[in-house]
Participant: 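One structure follows; several queries about it will come next.
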Amino acid sequence: MASVDECRQALHDLAARLDANAETRGKLDFDRTLACRVPDLSAAFHGRLLDGRLVDIADGDDPKAKIALTAASDDLIALVQGRLDVTRAVASRQVAIKANPFDLLKLRKLL
């Protein structure tokens, strides 16, 4: 089981990768709140997806977030590192993503 610090660092790594990709991808009109819940650690993080970037990452849950990702700590780290395919993880219920269908399509463009 990964630690809370490792999960926090994984989200910051994801933010850096999205930031680098935003330079080549161009502006993506996407502004949504995001919650990342890690039940095996009883931890949560929240932030904002803004124009293809992940910003304002902080500890704590956002129950009103437009997009909610729930994953075990090891699965979260594997997703961010690219060792776990998000489509397969959702299909096998290792990872849950709650969002409207249009937001899911935009998320696919980011990843």
Side-chain angles (χ1 to χ4, degrees):
M1 178 172 19
S3 70
V4 172
D5 288 334
E6 289 171 317
C7 290
R8 184 182 302 111
Q9 185 58 50
L11 290 174
H12 285 283
D13 292 346
L14 176 60
R17 192 170 75 227
L18 289 175
D19 195 45
N21 290 343
E23 299 297 323
T24 60
R25 181 181 55 244
K27 189 174 179 179
L28 180 66
D29 185 27
F30 193 54
D31 185 4
R32 299 288 184 275
T33 52
L34 170 74
C36 178
R37 299 172 182 135
V38 189
D40 62 325
L41 298 176
S42 298
F45 306 93
H46 66 275
R48 180 171 215 86
L49 287 166
L50 180 63
D51 296 329
R53 291 178 160 87
L54 178 58
V55 297
D56 302 331
I57 300 169
D59 289 4
D61 198 1
D62 179 358
K64 295 182 180 181
K66 298 292 182 184
I67 300 170
L69 177 130
T70 303
S73 57
D74 289 337
D75 292 336
L76 174 64
I77 290 173
L79 276 172
V80 171
Q81 292 176 347
R83 295 182 288 118
L84 181 61
D85 179 68
V86 69
T87 306
R88 288 187 180 152
V90 170
S92 67
R93 297 185 184 194
Q94 281 179 276
V95 172
I97 300 175
K98 290 184 182 177
N100 77 46
F102 298 111
D103 287 350
L104 288 174
L105 291 173
K106 286 188 178 185
L107 281 173
R108 280 193 70 170
K109 290 180 185 179
L110 290 178
L111 304 173

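Excluded from the calculations below are hydrogen atoms, water molecules and symmetry mates; all remaining heavy atoms, backbone and side chain alike, are included.
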Participant: Between Asp85 and Leu79, which heavy-atom pair has the shortest distance, and what is it?
Facilitator: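 Smallest interatomic distance, heavy atoms only, reads C-CD2, 4.2 Å.
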
Participant: Can you confirm whether Leu76 sits close enough to Leu69 that some side-chain heavy atom of one is under 4.5 Å from a side-chain heavy atom of the other?
Facilitator: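 Side-chain contact under 4.5 Å: yes.
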
Participant: Tell me which one of Asp31, Asp62, Asp56, Thr33 satisfies side chain to side chain donor-acceptor pair (under 3.5 Å) with Arg48.
Facilitator: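 The side chain to side chain donor-acceptor pair (under 3.5 Å) with Arg48 is passed solely by Asp31 among Asp31, Asp62, Asp56, Thr33.
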
Participant: Quick one, Arg8 and Val4 - any side-chain contact, counting heavy atoms below 4.5 Å?
Facilitator: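 In short, these two side chains touch, coming nearer than 4.5 Å.
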
Participant: Which atom names give the shortest non-hydrogen contact between Ala2 and Leu41, and what distance separates them?
Facilitator: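 Minimum heavy-atom contact is O-CD2, 3.3 Å.
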
Participant: Could you tell me whether the side chain of Leu107 reaches within less than 4.5 Å of the side chain of Phe30, counting heavy atoms only?
Facilitator: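 The answer is yes; the side chains approach within 4.5 Å.
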
Participant: Testing the basics here: between Cys7 and Val38, what is the closest heavy-atom pair and its distance to 0.1 Å?
Facilitator: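 Answer, listing the atom of Cys7 first, then Val38: SG-CG1, 4.3 Å.
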
Participant: What's the shortest heavy-atom distance between Ala68 and Arg37, and which atoms?
Facilitator: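 Heavy-atom minimum between the residues: CB-NH1, 3.3 Å.
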
Participant: Closest heavy-atom contact between Asp61 and Ala35?
Facilitator: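 Reported closest heavy-atom pair: OD1-CB, 3.6 Å.
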
Participant: In this structure, would Leu84 and Ile77 fall into the same cluster of hydrophobic residues linked by side-chain contacts under 4.5 Å?
Facilitator: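 Shared cluster, no.
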
Participant: Could you check Asp5 against Gln9 for side chain to side chain donor-acceptor pair (under 3.5 Å), going step by step and ending with a plain yes or no?
Facilitator: CA-CA 6 Å; Asp5 288 334; Gln9 185 58 50; over 6 Å; no

Participant: Looking only at heavy atoms, which two atoms of Val55 and Leu50 are closest? And how far apart?
Facilitator: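 Heavy atoms of Val55 and Leu50 come nearest at CG2-CB, 4.2 Å.
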
Participant: Roughly how far apart are Leu11 CG and Leu18 CG, rounded to 0.5 Å?
Facilitator: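 CG of Leu18 is found 10.5 Å from CG of Leu11.
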
Participant: Could you go through the side chain to side chain contact (heavy atoms under 4.5 Å, CB included) check for Val95 and Thr70 one step at a time?
Facilitator: CA-CA 6 Å; Val95 172; Thr70 303; over 6 Å; no

Participant: Output yes when a side-chain donor or acceptor of Glu6 lies under 3.5 Å from a complementary backbone atom of Ser3, and no otherwise.
Facilitator: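 Judged by distance alone, yes, a pair lies under 3.5 Å.
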
Participant: Check whether any side-chain heavy atom of Leu54 lies under 4.5 Å from a side-chain heavy atom of His12, and answer yes or no.
Facilitator: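 No, too far: nothing below the 4.5 Å cut-off.
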
Participant: Atom OG1 of Thr87 and atom CD1 of Ile97: how far apart are they, to the nearest 0.5 Å?
Facilitator: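 Thr87 atom OG1 to Ile97 atom CD1 measures 8.5 Å (nearest 0.5 Å).
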
Participant: Can Met1 be reached from Phe45 by stepping across I, L, V, M, F, W or Y side chains whose heavy atoms are under 4.5 Å apart?
Facilitator: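 Linked, Phe45 and Met1 end up in one cluster.
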
Participant: Supply the atom-to-atom distance Leu34 CG to Lys66 NZ, rounded to the nearest 0.5 angstrom.
Facilitator: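 Going from CG on Leu34 over to NZ on Lys66, the span is 13.5 Å.
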
